[in-house]
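The sequence lines fix the lettering, A, B, ..., with proteins before strands; numbering per chain opens at 1.
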There are 2 protein chains.
Amino acid sequence: MKLTSKGRYAVMALADLARFNNINPVSLRDISLRQGISLDYLEQIFFKLRKKEIVQSVRGNQGGYVLNKKAKEIKLTNIFDAVDEKVKTVQCKKESKKSCNGKSTKCLTHNLWDELENHINDFFEKKSLEDLIKDNSERRI
Amino acid sequence: MKLTSKGRYAVMALADLARFNNINPVSLRDISLRQGISLDYLEQIFFKLRKKEIVQSVRGNQGGYVLNKKAKEIKLTNIFDAVDEKVKTVQCKKESKKSCNGKSTKCLTHNLWDELENHINDFFEKKSLEDLIKDNSERRI
DNA sequence: TATAAACCCGACTAAAATAGTCAAGTATCT
DNA sequence: AGATACTTGACTATTTTAGTCGGGTTTATA
Ligand code: FES
Ligand code: FES
């Protein structure tokens with residue numbers, strides 16, 4: 001059960017962006033250097049974040065990205081959703097009546113995995129970008 | 001972020017075992033048929049479960065496996081630990097002072113991932129095999 | 001005591017997912 | 001004009017996962 005780099009990077013990059021989100025847009029080059037993430041990979045990630053309207057792009061020289069909403073309104077859920085980082089605990093189709101092993105009733109553990117999925121998603125639902133940078137600056141005092 | 005089959009199968013198989021854990025040992029063949037899990041794969045999994053003393057084996061004809069502890073005392077944590085299903089949210093070494101990007105201080109998101117890891121592990125710590133089968137038989141009434 | 005059922009254990013492999021790279025653009029500031 | 005930076009799709013190497021395979025050993029029971 002592990003978090004993929006794509007999801008981790010997306011959050012890291014947005015935390016960086018939120019932190020340096022002044023008047024000027026932040027370039028991916030800067031984020032790449034500060035966070036140690038491949039520029040090409042970041043571009044893929046921000047392409048998705050832009051499509052989901054989490055960030056806005058400013059093209060051209062001196063361009064970059066800015067947050068499209070307040071940090072408080074961007075939940076981890078939104079970020080993970082944008083980059084297709086899903087929490088998946090079961091193989092069986094949620095909607096279909098077929099169980100994971102092809103039988104017609106849900107298997108013994110189906111409810112457990114459902115609970116687990118909800119438990120994890122709750123965490124993502126509760127955390128916003130703002131929590132992240134606030135939390136961090138407090139610790140630096 | 002997804003659960004691997006190995007972990008899922010381990011729990012499914014033990015739930016099955018707990019359910020049919022009467023006087024006679026339960027053969028992997030039976031579990032394989034009931035749960036639709038490859039027999040060869042189950043053998044790998046039970047090899048590990050036995051090494052961690054979660055199950056006991058009974059060799060020979062009419063043999064199989066039995067639980068080595070009460071269902072109440074087997075937590076999901078123990079099961080996942082036995083089959084090396086770990087919750088991993090960070091790339092950086094926990095103990096080392098190096099961050100994920102090679103710098104000397106922890107990155108902006110390090111604490112977040114730590115919290116997430118604890119949040120998930122809490123769930124595994126709280127659930128026992130007994131909860132699983134009790135929960136399930138209640139629903140069948 | 002022969003046989004079949006079942007566990008034991010290491011090695012190998014196919015498929016899928018991940019984590020990127022590469023290339024060829026377009027827009028905008030100075 | 002030139003540099004910087006976003007845009008987009010396609011491609012690829014690496015790693016992980018989810019098995020398979022093969023050759024054991026042990027033990028109940030016919
Ligand atoms: S996990 Fe849904 S039926 Fe087994
Ligand atoms: S996740 Fe630990 S330093 Fe970045």
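- More than 12 heavy-atom neighbours from other residues, nucleotides or ligands sit within 6.0 angstrom of CD on A/Glu73.
- Mapping B/Arg50 and B/Gly63 onto DNA chain C via the closest heavy atom, the residue that lands nearer the 5' end is B/Gly63.
- Proximity of A/Ser5 to the phosphate of C/dA19: a side-chain N or O atom is located under 4.0 Å from OP1 or OP2.
- A/Leu39 has its CG atom 12 Å from the P atom of C/dC22, to the nearest Å.
- At whole-Å resolution of the value, OH in B/Tyr41 and C1' in D/dT17 are 6 Å apart.
- Checked by atom type, the side-chain pair B/Gln91/A/Ser5 shows no donor-acceptor distance below 3.5 Å.
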Counting primed atoms plus P, OP1 and OP2 as sugar-phosphate and everything else as base, spell out the protein contacts along nucleotides 22-30 of chain D at 4.0 Å heavy-atom distance: B, S or - for each nucleotide, 5' to 3'.
--BBBBB--
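- In this structure, the nucleotide among D/dA5, D/dT20, C/dG20 sitting nearest to the side chain of A/Gln44 is C/dG20.
- Judged by closest nucleotide on DNA chain D, A/Asp30 is the one of A/Asp30 and A/Met1 placed further toward the 5' end.
- Distance from the side chain of B/Thr4 is smallest to D/dT17 among D/dG19, D/dT8, D/dT17.
- Not a single salt bridge (Lys or Arg N to Asp or Glu O under 4.0 Å) links B/Asp122 to another residue, sequence neighbours left out.
- Contact detail for B/Leu3 and A/Met1: the closest heavy-atom pair is N-CE, 4.0 Å.
- Regarding A/Leu42, its CG atom lies at a distance of 13 Å from the P atom of D/dT7, rounded to whole Å.
- Closest approach to the A/Lys6 side chain among C/dC9, C/dA19, D/dA18 is made by C/dA19 (side chain taken as heavy atoms from C-beta onward).
- Listed candidates were C/dC8, D/dT20, C/dT18. Nearest to the side chain of B/Ser57 is C/dC8.
- Taking 4.0 angstrom as the limit, A/Tyr65 places none of its side-chain polar atoms (N or O) nearer than this to OP1 or OP2 of D/dA5.
- Atom CD of B/Glu43 has more than 12 neighbouring heavy atoms from other residues, nucleotides or ligands inside a 6.0 Å radius.
- The closest donor-acceptor contact from the side chain of B/Asp16 to the backbone of B/Ile31 lies at 3.5 Å or more, if one exists at all.
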